[in-house]
There are 2 protein chains.
Amino acid sequence: MAKQNTVFKDAFNRCLKLLEQTASLPSEPELGATLGVSRTTVRAVLGRLEEVGLLAWDKRRKIVLRKPVAADYFPTEETDSLSEIIERSFMRRILDGGAQPGMQINELELAREIGIGTTGVREFLIRFSRFGLIEKRPNSHWVLKGFTREFALELTEVREIFELRSAAAFAHLPKDHAAWQELDAIEAVHRDILADIDNRYLDFSELDERFHLLVHRASRNRFIVDFYDVIAIVFHYHYQWNKTNARQRNARALEEHLAYIAALRSRDPIEIELACRQHLKSARETLLQSIN
Amino acid sequence: MAKQNTVFKDAFNRCLKLLEQTASLPSEPELGATLGVSRTTVRAVLGRLEEVGLLAWDKRRKIVLRKPVAADYFPTEETDSLSEIIERSFMRRILDGGAQPGMQINELELAREIGIGTTGVREFLIRFSRFGLIEKRPNSHWVLKGFTREFALELTEVREIFELRSAAAFAHLPKDHAAWQELDAIEAVHRDILADIDNRYLDFSELDERFHLLVHRASRNRFIVDFYDVIAIVFHYHYQWNKTNARQRNARALEEHLAYIAALRSRDPIEIELACRQHLKSARETLLQSIN
DNA sequence: GATCTGTCTATTGTCGATAAAAGACAAATA
DNA sequence: TATTTGTCTTTTATCGACAATAGACAGATC
């Protein structure tokens with residue numbers, strides 16, 4: 001096969017979700033915009049919906065015939081794009097400890113294990129190299145530098161420089177800037193999660209990313225914003241991996257975020273710096289604890 | 001062809017340089033270490049040297065038969081690796097102004113124009129994307145963000161943060177650290193070039209990179225050191241492109257470097273910061289001038 | 001006994017081919 | 001007249017294949 005049709009399958013699944021709530025579907029361009037795919041894909045989805053008897057489709061008339069059931073959905077394994085599959089698989093290896101620093105990475109072997117072609121692996125490794133965890137020896141193999149203490153310290157050093165700067169810049173955003181509204185929304189989610197912390201503490205990871213990215217964006221500097229990708233991926237997988245004391249840890253981080261948000265609202269540089277430093281310090285400690 | 005033999009050709013050319021100075025060649029492993037290639041390539045080089053009558057090769061005996069002439073060398077176009085070719089070609093497009101911000105980048109078209117396969121182009125674009133000049137729309141094209149004023153400002157902002165920090169760290173390196181010797185060597189080259197500035201002002205570009213990279217390394221932070229790649233590539237091509245007042249500009253930068261080096265030697269944080277800021281300021285101005 | 005060479009295998013770099021997905025344009029419809 | 005649909009072309013994502021290069025191992029040589 002030349003190209004996986006994951007875009008189609010994922011769009012199809014998301015379209016089924018829409019079907020659960022409406023009696024008919026909108027026009028092709030509108031549907032395309034909703035699902036974030038091209039009309040070509042929309043038509044393929046509609047075609048399949050008709051085929052399995054979910055939809056009567058004739059030009060502009062798209063009538064839902066029955067509600068979708070679980071069996072109508074494509075399995076989730078088939079909707080993940082190649083890069084998602086390989087990233088997860090690769091990070092698991094690194095974080096699960098099966099991978100020692102200094103180890104060689106073999107493209108072909110990796111490709112076989114994940115069940116994809118070498119091109120995919122190569123492109124992934126190139127993209128991934130910017131996270132500083134691997135390094136290429138030209139005309140030869142990649143070397144795993146490993147998720148070490150040094151890595152974590154170097155990462156957090158730059159993070160702290162950038163975030164302190166971004167937080168300071170946040171205070172200078174004009175009052176009508178969309179970031180303030182987003183900050184309100186984020187704060188509300190914080191309170192929601194805290195109110196039901198025992199059940200929802202795992203929602204923190206995603207919220208954490210959303211909040212810090214918002215702060216970094218205030219720098220209006222693409223290099224600072226892009227660097228947040230590195231932090232996000234490390235913390236994302238770190239949260240998935242290290243679940244010890246997760247409830248307590250996340251509760252504490254949520255409280256720190258609330259203090260940080262309040263400081264941002266105050267627009268007082270000193271308060272902002274204090275709250276930011278306080279939170280970054282515990283984030284660093286959490287990360288370091290998981291290494292040794 | 002599956003793979004270019006540029007490694008072989010480049011090693012061959014560098015081996016010819018060695019031949020100009022000796023009457024016989026060392027063992028295969030030693031030669032490999034000198035040229036930075038594997039024994040396989042060394043043997044291919046030796047084989048060719050024998051073929052063209054430059055060398056009598058029998059096991060350990062490798063006697064030079066005649067001095068190489070210009071015609072023995074492979075043309076330099078053939079010794080550049082694919083990534084070098086494509087990088088140069090691509091940067092020329094961006095900097096020469098033929099490329100407007102917002103423009104779409106077509107992989108196939110680019111590949112045809114440069115005369116390589118699409119895989120090479122894709123991998124290059126992925127690697128290149130970390131420089132912040134292009135951006136990918138998934139399942140669709142790349143977008144050129146362009147070498148704009150905003151780009152230059154964002155780049156120099158981060159550069160200044162990192163370099164000030166690295167310069168401060170430099171002062172704390174132990175006295176016997178190899179960096180101090182390298183600093184001496186770099187200073188000597190500065191004086192050499194200044195003494196013959198009219199003929200050698202174009203040597204500045206390479207020296208500039210060597211000096212600033214040394215400073216950045218003092219941070220002992222891979223993210224800071226890696227970021228220097230972005231700066232290096234931009235300034236490298238910028239120097240090649242914008243030759244107006246190059247002599248004067250480089251002479252000034254050389255003087256600033258000397259003051260900066262003296263400040264580093266003094267280990268006085270305030271002097272270092274002053275000299276560093278002074279130089280970074282004029283570097284930024286030079287870069288900005290070339291844009292508008 | 002250490003290093004070198006001959007030989008062989010393993011791995012990377014690059015290509016062209018092909019299905020999926022995006023996107024352009026004109027005719028149809030409301 | 002503004003959308004929508006039908007049809008067609010262009011472009012990307014992914015694969016497998018193969019030459020260049022790296023690297024391993026045993027026998028040869030100093």
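Numbered from 1 within each chain, the chains take letters A, B, ... in sequence-line order. Values reported hereafter were calculated over all heavy atoms of this structure, with side chains retained and with hydrogens, waters and symmetry mates removed.
- As rounded to whole Å, 13 Å separates atom P of D/dA20 from atom CG of A/Asn139.
- Here D/dT29 presents its C1' atom at 12 Å from NZ of B/Lys62, a figure rounded to the nearest Å.
- Taking atom CD of residue A/Gln104 and atom P of nucleotide C/dA10, one finds them 14 Å apart after rounding to whole Å.
- By the 6.0 Å and 45° rule, B/Arg222 does not stack over the aromatic ring of A/Phe151.
- For DNA chain C, the residues of residues 25-45 of chain B within the heavy-atom distance limit of 4.0 Å (strictly under) are B/Ser27, B/Glu28, B/Pro29, B/Arg39, B/Arg43, sorted by number.
- Counting non-hydrogen atoms under 4.0 angstrom, A/Ser140 reaches the backbone sugars and phosphates but no base.
- A/Lys9 comes within 4.0 angstrom of no nucleic acid atom, judged by non-hydrogen atoms across all strands.
- Using a 4.0 Å heavy-atom criterion, one finds that B/Leu125 contacts no nucleic acid atom at all.
- Here B/Leu110 lies out of heavy-atom contact (under 4.0 Å) with every strand.
- Rounded to an integer number of Å, the gap from A/Ile105 CD1 to C/dA10 C1' is 17 Å.
- Taking the nucleotide of DNA chain C with the nearest heavy atom to each of A/Phe8 and B/Glu123, the more 5' of the two is matched to B/Glu123.
- Minimum atom distance to the side chain of A/Glu107 is reached by C/dT12, of the listed D/dA19, C/dT12, D/dT29.
- Counting to the nearest Å, the P atom of C/dG6 and the NZ atom of B/Lys59 are 6 Å from each other.
- Among residues two or more places apart in sequence or in another chain, the salt bridge (charged side-chain N to carboxylate O under 4.0 Å, His left out) test is passed with A/Glu50 by none.
- Between B/Asn5 and A/Gly120, it is A/Gly120 whose nearest contact on DNA chain D lies nearer the 5' terminus.
- Cation-pi check for A/Arg159 over A/Phe235 is met; the charged atom lies under 6.0 angstrom from the ring centroid and within 45 degrees of its normal.
- For D/dT11, the OP1/OP2 oxygens have a side-chain nitrogen or oxygen of B/Asn106 closer than 4.0 Å.
- Side chain B/Lys3 to base C/dT12: a donor-acceptor pair is found below 3.5 Å.
- Distance from the side chain of B/Thr119 is smallest to C/dC15 among C/dC15, C/dG23, D/dT3.
- When the shell of 6.0 Å around CZ of B/Arg220 is examined, it contains 12 or fewer heavy atoms from other residues, nucleotides or ligands.
- Nucleic acid contact class of A/Lys136 (heavy atoms, under 4.0 Å, all strands): sugar-phosphate only.
- Following rounding to the nearest Å, B/Trp57 (CH2) and C/dG6 (P) show an atom-to-atom distance of 6 Å.
- Residue contacts shown for A/Thr6 are limited to sugar-phosphate atoms, with no base heavy atom under 4.0 Å away.
- Around the CD atom of A/Glu206, the shell of radius 6.0 Å holds no more than 12 heavy atoms that belong to other residues, nucleotides or ligands.
- Side-chain atoms of A/Asp229 and A/Ile233, non-hydrogen and from C-beta on, never get closer than 4.5 Å to each other.
- Remark: B/Lys145 pairs with B/Glu135 by the salt bridge (charged side-chain N to carboxylate O under 4.0 Å, His left out) rule, at least two apart or across chains.
- Each of B/Arg137 and B/Val7 was assigned the nucleotide of DNA chain D with the nearest heavy atom; the assignment lying further toward the 5' end belongs to B/Arg137.
- A heavy-atom distance below 4.5 Å is not found between the side chains of B/Leu214 and B/Arg210.
- A straight line from CG of B/Leu46 to P of D/dT21 spans 15 Å, rounded to a whole angstrom.
- One can place CG of B/Leu108 at 17 Å from P of D/dT14, the figure rounded to the nearest angstrom.
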